[in-house]
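In this text the structure is predicted, and so the values were computed from the model without any measurement.
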There are 2 protein chains.
Amino acid sequence: MNQQHVQLSAGVVELRLRHTFTIAHGSSDLRYNVMVRLVTDGLVAHGVAAPNPRYGETPESAMAALESLRLSLTGNLDAIDPLIRRMHGALAGEYAAKAALDMALHDRWAKTLNQPLYRLFGADPARMPPTSMTIGIDQPTVVRKKVRDAQFFKVLKVKLGGENDREMIETIRSVSQQPIRVDANEGWHQRDAALREIEWLAQQGIELIEQPMPADRHADMRWLKRRSPLPLIADEAFALPADLPRLAEGYHGVNIKLAKCGGMLAARQAIAMARALDMQTMLGCMVESSVGIAAAAHLAPLVDYVDLDGNLLVANDPFRGHPVRDGVIALSDDPGLGIQPSHLPNP
Amino acid sequence: MNQQHVQLSAGVVELRLRHTFTIAHGSSDLRYNVMVRLVTDGLVAHGVAAPNPRYGETPESAMAALESLRLSLTGNLDAIDPLIRRMHGALAGEYAAKAALDMALHDRWAKTLNQPLYRLFGADPARMPPTSMTIGIDQPTVVRKKVRDAQFFKVLKVKLGGENDREMIETIRSVSQQPIRVDANEGWHQRDAALREIEWLAQQGIELIEQPMPADRHADMRWLKRRSPLPLIADEAFALPADLPRLAEGYHGVNIKLAKCGGMLAARQAIAMARALDMQTMLGCMVESSVGIAAAAHLAPLVDYVDLDGNLLVANDPFRGHPVRDGVIALSDDPGLGIQPSHLPNP
């Protein structure tokens, strides 16, 4: 594959959220993704970057990173393992941009082999865990309506860590007995108080707790892990696979996001390593186009927990991905990522 | 895929070595492998078990394990990830038998996708590192002849850890300047003496040292790693991926063998984890049929060092694998493992 046959283009899209989104860190109703399009000998492949402000990433920095990363697209493009590793080595940080290019390279690879990606991972789509649906913090009447709208999901996810955590859970429980995952988003700062909260939550049919305390509280998390009646899942505390041996001391599992670790190859590395360390695995997402959700969905039959609703929160997704049926993402057998332009006008 | 369409058969073969083989632990000129044949809907796939006496494995125990492991061959055989994980969970130990079944399942999987396995791993056969050729300990005249016979290999490997280590190296250097890898097979028991030996070896064009001290000497290895001028590679000290975070403290890299970790899926897990821990990776082997060497060879473009000469030491291999050209294994594009019966009469 010669350099001159490779075309890479990228552009920023403004995603409008269906509902204003409130978590412990703040509220907003817009997100920006960078859409990536890779064309090689007439074959079109896609990826998406959801830049993470936590790591200083912006749509502009992702665009600049892609301009630099395109220089790694040389040699044998079918050999995605060395290709993507070289791409990771070409630039520090900018994991969202790397994830976008990684997705497009995987999409292209699987299309040249005429297979859906999950099959090339040896995954079984029949073993797809149900995805959770996030219920944003809001007034009780609004929360009750959102929960009723989400009744066909098998699991709910709630972002806590604010003032009214118990009221939020009680409001949901007033209309639904669905299992609930709690994401505290680092919201609890005292380990004793966090433990009391987790013990209360354990009695409310809660399945797990994501990131109960700030990411840097390793000693507190080791203390909490020994006492928690619910599995504790690292989210903000986890970025790269090399973090996992230390995280295993303070968490039962880890939430892996393509945008954070830099794509599907890195996510598979994290899944392999977490399994070896006897950690539970979750696949999470950003608010992002179906392109990124599809990429994670092809890996999702390999993990324990799936939290891939980021595209469902978007009103103007430029792509259509895999449908959610009875709360489970139904992977199609189309080659590659299996996504299609949505025929919505690009915003 | 229904259970009734799956046929698994296995049998012990006696492999005769071309040369009597001497290492720190002793000498012998016979090895026993268990050949595995998996037939599903007319498609024939192969695997091989090289039982490891160090872990109490024998051809008989491997045969018994396979009889038990065949019960895991249910459900979707294309979904090799959950299938092989279930197989690993069905039985403790018996990694050689698990590796044999893992190879046959990979061979079948890639044949159904009509692809060579390396392509499904996203590997680049053009990036295959040269394989080393082992020169057994022997009289100087014999060693000189063996080295001359091995001149087209780009790297030699020598098993030291005995009385005449320096004489052996000097004998090789009297006829060849090829890079040499030293495998001490746990032969050095004093860390100061080991360091002096390594410092001497570093001046003789030695590339790396495998397992300088006994596998359980973690504190000594941490001491030695900080001082060694050559990369130290864990061999006997490494069995399973979960060992790697601790091994990273005492070794620069790890020798991964399919027969020891239980197959290609586990080896890929170990490679992923070693990379995340910034460890160097080597793929090694037992004395075994080309079936097992081919399985490792499809993963070999993903690692730093290749030591896959185990089939070249065998006089009566029942299979033909990938040829070694100019010291490098040349992977064919045949689907699956890419091996063929050798048309030798089975012993």
#### Entry: More than 12 heavy atoms of other groups within 6.0 Å of B:Asp333 CG
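More than 12 within 6.0 Å, yes.
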### Message
I'd like to know whether CZ of A:Arg37 has more than 12 heavy-atom contacts from other residues, nucleotides or ligands below 6.0 angstrom.
### Response
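Incorrect, the count does not exceed 12.
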### Query
Out of A:Pro82, A:Ala110, A:Pro301, which one racks up the most heavy-atom pairs below 4.5 Å with chain B?
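Highest number of pairs under 4.5 Å: A:Pro82.
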#### Entry: Neighbourhood of chain A inside residues 111-125 of chain B, taking heavy atoms under 4.5 Å as contact
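Only B:Leu113, B:Gln115, B:Arg119, B:Leu120, B:Phe121, B:Gly122, B:Ala123, B:Asp124 of residues 111-125 of chain B have a heavy atom under 4.5 Å from chain A.
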### Query
In residues 254-277 of chain B, which residues are in contact with chain A at a heavy-atom separation under 4.5 Å?
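Interface residues of residues 254-277 of chain B: B:Arg268, B:Gln269, B:Ala272, B:Met273, B:Arg275, B:Ala276, B:Leu277.
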